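The basis for the numbers below is simple: all heavy atoms, side chains too, and nothing from hydrogens, waters or symmetry mates. This is a predicted model, so every value here is computed, not measured.
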Amino acid sequence: MTRHIFTHPVMQRVYSFAIRRMSSDAKQMKLSPAFFHQCVTDIGVNFFTGVPDSLLSDYCAYVQVNVPETDHIIAGNEGSAVGLAAGYHLATGHPGLVYLQNSGLGNTVNPLMSLTSSKVYSIPMLLLIGWRGQPGVKDEPQHFAQGQITPDMLNLMDIPCRILPKDETAVKKVIQEADQHFKTKKSPFSILVEASTFSKYKLPQLQANFPLLREEALNTVVDILDDTDIIVATTGKLSRELFEYREAKGEGHEKEFLTVGSMGHASSIALGIANFQPHRKVVCLDGDGAALMHLGAFSTVGQRGPSNFKHIIFNNGCHDSVGGQPTEASHHDTFSFGGVARACGYRKTLVAETRDELVTTTRQLLETPGPVLLEIKLSVGSRGNLGRPTRTPIENKSDFMEHIGSV
């Protein structure tokens, strides 16, 4: 059955009742990533780009392993992925596929509305969207607001929206509907992916010959920081590891702002704090995937030049929180965060690979007038039993603002 997104209250109740009536066997059904991939390639979709998502991790892994590098690009952010798919269509006449988490849908709004829309350039593409924060499904607090409005956002943008079925016959019907839309309307078509839709497909772990893992490096840095230093931690596993480390030490969580959402914006948040707390060091604990998502923030930091701004990037070369897919920062021979930072106006950049180097460079970072950047090169991996913050975002904000004296 093709599952449409209903906005009328009566139809929503009918749809909800139908879903509750599904058999337990149907709920346990999984869709093969290989089968779905064959369906989309059968309609001429042969270029894939996007930002990985945990709900799409098995399909993203399949693409990573089975699609040639020339036909698959993991983009810096979701808007860039739309641009890449648009370029592919202009060059070949075919639609591409853009995969993303719905939290990144906002990054796509401008190019979707001012580039791909049938009222502008009329560019077809298939949007495969992980539906985090889906109503009625347990999820993390940062996903609730976006999850509630995701179907409505797509409807407002005049982009057809379907839920990906698990039944293969129904999947074919949805893909055929998308194909017909591409041929007649020549504009984007979206498919929402619920939790546990795809069957497992394991991505081979990236190999990086660096001695440190992120958690060990993070703990080392935190132990060197002063109690008066302000911390802004990026989204994903880094914030979770920081929260657990404070718990293990019997400490509170007021010293850091945990950016549990808003991927890529931790450095901008830290810059905003640094501008108005000029007498305290502000330390941004960033990730490579997050830093790449809004790399333009480096130019603002560098040109504003706050001397109290300290930027640390934990670079394990992958999107660790959503499946371990590689980032462009994994190309250590040709990519340098330090090079980008220096070109943008950072006063000093540092690199660490070993624990001894990390201790030395962290102290240098704190002693050097900013903006200054430290890139820590890491291997891939995290604890399987890693928990999540037990303080709500509102509680974290309240604790943090009281600690820095802004309330």
inquiry  = Quick one, Glu194 and Leu55 - any side-chain contact, counting heavy atoms below 4.5 Å?
reply    = no
task = Please examine the side chains of Val65 and Pro204, heavy atoms only from C-beta on, and report whether any two atoms are closer than 4.5 Å.
result = yes
task = Apply the side chain to side chain contact (heavy atoms under 4.5 Å, CB included) test between Ile191 and each candidate in Val174, Leu97, Ile163; give the one that qualifies.
result = Val174
message = Would the distance check show the side chain of Ser54 and the main-chain N or O of Val322 forming a donor-acceptor pair, the cut-off being under 3.5 Å?
response = no
4.5 Å side-chain heavy-atom contact, Val232 and Val283 = no
key: Residue from Lys255, Glu254, His253, Glu256 passing side chain to side chain contact (heavy atoms under 4.5 Å, CB included) with Asp399   = Glu254
request  = Report the C-alpha distance between Ser406 and Met401 in whole Å, list the side-chain angles of each, state the deciding distance to 0.1 Å, and finish with yes or no for side-chain contact (heavy atoms from CB on, under 4.5 Å).
outcome  = CA-CA 5 Å; Ser406 57; Met401 291 182 68; 3.2 Å; yes
key: Near-ring test His265/His294, centroid separation under 6.0 angstrom   = yes
inquiry  = A side-chain contact here means heavy atoms from C-beta on lying under 4.5 Å apart; do Phe189 and Pro124 qualify?
reply    = no
request  = Taking all heavy atoms of Thr49 and all of Ala81, pick out the closest pair and write down the distance.
outcome  = CG2-O, 3.4 Å
task = Please assess Asn219 against Glu215 for the test side-chain hydrogen bond (donor to acceptor under 3.5 Å, both in side chains), listing each intermediate value before the final yes or no.
result = CA-CA 6 Å; Asn219 296 351; Glu215 188 166 17; 4.9 Å; no
Candidate pair Lys237 and Ser382, rule side-chain hydrogen bond (donor to acceptor under 3.5 Å, both in side chains), full reasoning = CA-CA 8 Å; Lys237 289 186 177 179; Ser382 61; 2.8 Å; yes
query = Between Phe309 and His311, does the ring centroid distance fall short of 6.0 Å?
reply = yes
task = Measure the acute angle between the ring planes of Tyr346 and Phe298, then classify it against the limits of 30° and 60° as parallel, tilted or perpendicular.
result = tilted
pair Ile376-Phe210: side-chain heavy atoms closer than 4.5 Å = no
query = Which atom pair, heavy atoms only, marks the closest approach of Leu56 to Leu100?
reply = CD1-O, 3.6 Å
ask   = Heavy atoms, side chains only, cut-off 4.5 Å: are Phe47 and Thr92 in contact?
value = no
ask   = What is the ring orientation for Phe198 with Tyr59, classed by angle as parallel under 30°, tilted 30 to 60°, or perpendicular over 60°?
value = parallel
task = Could you tell me whether the side chain of Leu295 reaches within less than 4.5 Å of the side chain of Val340, counting heavy atoms only?
result = yes
task = With the side chain counted from C-beta on, respond yes when Ile404 and Gln277 share a heavy-atom pair under 4.5 Å apart, and no when they do not.
result = yes
ask   = Do the ring centers of His72 and Phe48 come within less than 6.0 Å of each other?
value = no
